[in-house]
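Each remark here refers to the structure printed beneath this line.
Any value given below was found using the heavy atoms of this structure, including those in side chains, with hydrogens, waters and symmetry copies removed.
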Amino acid sequence: MTRIAATFKRLQQSGRKALIPYFTAGHPSREHAVPMMHALASNGAGVIELGVPFADPMADGPVIQKSGEAALALGVGLVDVLNPIERMGVEVFAARCAEVGVDGVLVVDQPPEEAEAMVPVLRARGIDPIFLLAPTSTAERIAQVGKLASGYVYYVSLKGITGAGHLNVDEVLSALPAIRAATGLPVGVGFGIRDGQTARAIARSADAVVIGTRLIQEIEAAGPQHAVEKAGAFIRGIRDAMDAAAPTTRETTT
């Protein structure tokens with residue numbers, strides 16, 4: 001069992017859902033990355049999504065893209081986090097991931113149709129290949145992701161970029177049964193979740209809540225001196241809101 005799978009199992013047994021914060025490596029500085037991860041973990045994060053600064057956004061909204069540009073301006077890039085996958089090769093990439101303790105890999109610009117060679121290499125190292133699904137995903141794509149993914153499936157909750165403000169919770173929750181029918185993996189929901197109320201509503205049905213843009217805004221507003229403290233406090237508030245919606249252990253076992 002991978003560490004991501006073990007995390008979801010442990011949370012499920014306690015009647016809780018996973019909180020997955022996202023922040024960009026190198027923002028606001030190189031030195032913030034490790035303390036930031038510790039702060040997020042100690043304040044309720046179950047999984048941490050560490051973003052690699054990239055000049056060509058795939059679905060990133062202006063807030064995340066700005067954080068990536070700031071990190072790139074400091075000289076932080078793929079080499080600092082890991083390295084370009086194609087340049088080093090899948091085998092070397094997987095080995096380096098395992099060496100530094102990476103638990104899962106989400107390559108946004110690699111669709112499942114192009115990932116079949118990478119998946120077994122990652123799994124052999126105990127690393128979960130994580131894939132995105134969206135409101136536009138076909139039944140065929142959902143089935144394919146169900147076969148290849150492990151750890152959890154990331155459902156992009158809306159047609160748009162990260163941080164968009166038009167999230168419809170009912171639409172999101174109505175899409176989950178089709179995904180669950182194709183895979184027994186936990187389903188995390190991200191994009192457009194900005195506060196405890198929305199996180200709580202999503203957590204009633206999803207297995208995980210992913211929150212990035214709003215966290216990065218909190219980091220930016222706090223400034224380098226208080227970024228870690230502010231990030232931890234923000235994630236604690238989201239965690240508390242989600243736990244308020246979670247069923248008790250007794251309710252989940254009866």
[X] to [Y] - nearest heavy-atom pair and separation:
{"X": "Ala227", "Y": "Pro28", "answer": "CB-CG, 4.1 Å"}
{"X": "Ala18", "Y": "Met242", "answer": "O-CE, 3.4 Å"}
{"X": "Ala45", "Y": "Ile235", "answer": "N-CG2, 4.3 Å"}
{"X": "Ile4", "Y": "Gly151", "answer": "CG2-CA, 3.7 Å"}
{"X": "Arg125", "Y": "Ala95", "answer": "NH2-CB, 3.5 Å"}
{"X": "Pro35", "Y": "Val228", "answer": "O-CG1, 3.7 Å"}

Who pairs with Ser205 by side-chain hydrogen bond (donor to acceptor under 3.5 Å, both in side chains), at least two apart in sequence or on another chain?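 By the side-chain hydrogen bond (donor to acceptor under 3.5 Å, both in side chains) rule, Ser205 matches no residue at all.
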Residues that Asn43 engages under side-chain hydrogen bond (donor to acceptor under 3.5 Å, both in side chains), provided they are two or more places apart: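 With sequence neighbours excluded, Asn43 shows a side-chain hydrogen bond (donor to acceptor under 3.5 Å, both in side chains) to no residue whatsoever.
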Plane angle bin for Phe8 and Tyr152 - parallel if under 30°, tilted between 30 and 60°, otherwise perpendicular: tilted
Could you give the distance from [atom1] ([X]) to [atom2] ([Y]), rounded to the nearest 0.5 Å?
{"X": "Gln144", "Y": "Thr138", "atom1": "CD", "atom2": "OG1", "result": "8.5 Å"}
{"X": "Ile193", "Y": "Thr213", "atom1": "CD1", "atom2": "OG1", "result": "10.5 Å"}
{"X": "Ile216", "Y": "Glu220", "atom1": "CD1", "atom2": "CD", "result": "9.0 Å"}
{"X": "His32", "Y": "Phe23", "atom1": "NE2", "atom2": "CZ", "result": "10.0 Å"}
{"X": "Ile48", "Y": "Met37", "atom1": "CD1", "atom2": "CE", "result": "6.5 Å"}
{"X": "Ile142", "Y": "Leu133", "atom1": "CD1", "atom2": "CG", "result": "5.5 Å"}

Joint cluster assignment, [X] & [Y], ILVMFWY side-chain distance < 4.5 Å:
{"X": "Ile211", "Y": "Leu132", "answer": "yes"}
{"X": "Leu185", "Y": "Val209", "answer": "yes"}
{"X": "Leu148", "Y": "Tyr155", "answer": "yes"}
{"X": "Phe131", "Y": "Val187", "answer": "yes"}
{"X": "Met1", "Y": "Ile127", "answer": "no"}

In the structure I gave you, are the side-chain heavy atoms of [X] and [Y] within less than 4.5 Å of one another anywhere?
{"X": "Leu215", "Y": "Ile238", "value": "no"}
{"X": "Val145", "Y": "Thr183", "value": "no"}
{"X": "Met36", "Y": "Ile219", "value": "yes"}

Examine distances only and state if a side-chain atom of [X] and a backbone atom of [Y] form a donor-acceptor pair shorter than 3.5 Å.
{"X": "Arg141", "Y": "Ala134", "answer": "no"}
{"X": "Ser174", "Y": "Glu171", "answer": "yes"}
{"X": "Ser150", "Y": "Asp128", "answer": "no"}
{"X": "Ser42", "Y": "His38", "answer": "yes"}
{"X": "Lys230", "Y": "Ala222", "answer": "no"}

Is any NZ, NE, NH1 or NH2 atom of the basic residue among Asp243 and Arg16 found under 4.0 Å from an Asp or Glu carboxylate oxygen of the other?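 Salt bridge: yes.
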Gln225, CD: over 12 other non-hydrogen atoms inside 6.0 angstrom: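 No, because the 6.0 Å sphere around CD of Gln225 holds 12 heavy atoms or fewer from other groups.
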What do the steps show when you test Val105 against Phe93 for side-chain contact (heavy atoms from CB on, under 4.5 Å), and what is the final call? CA-CA 10 Å; Val105 172; Phe93 172 73; 4.0 Å; yes
Show every salt bridge (charged side-chain N to carboxylate O under 4.0 Å, His left out) that has at least one partner inside residues 174-187, sequence neighbours left out. Arg180-Asp207
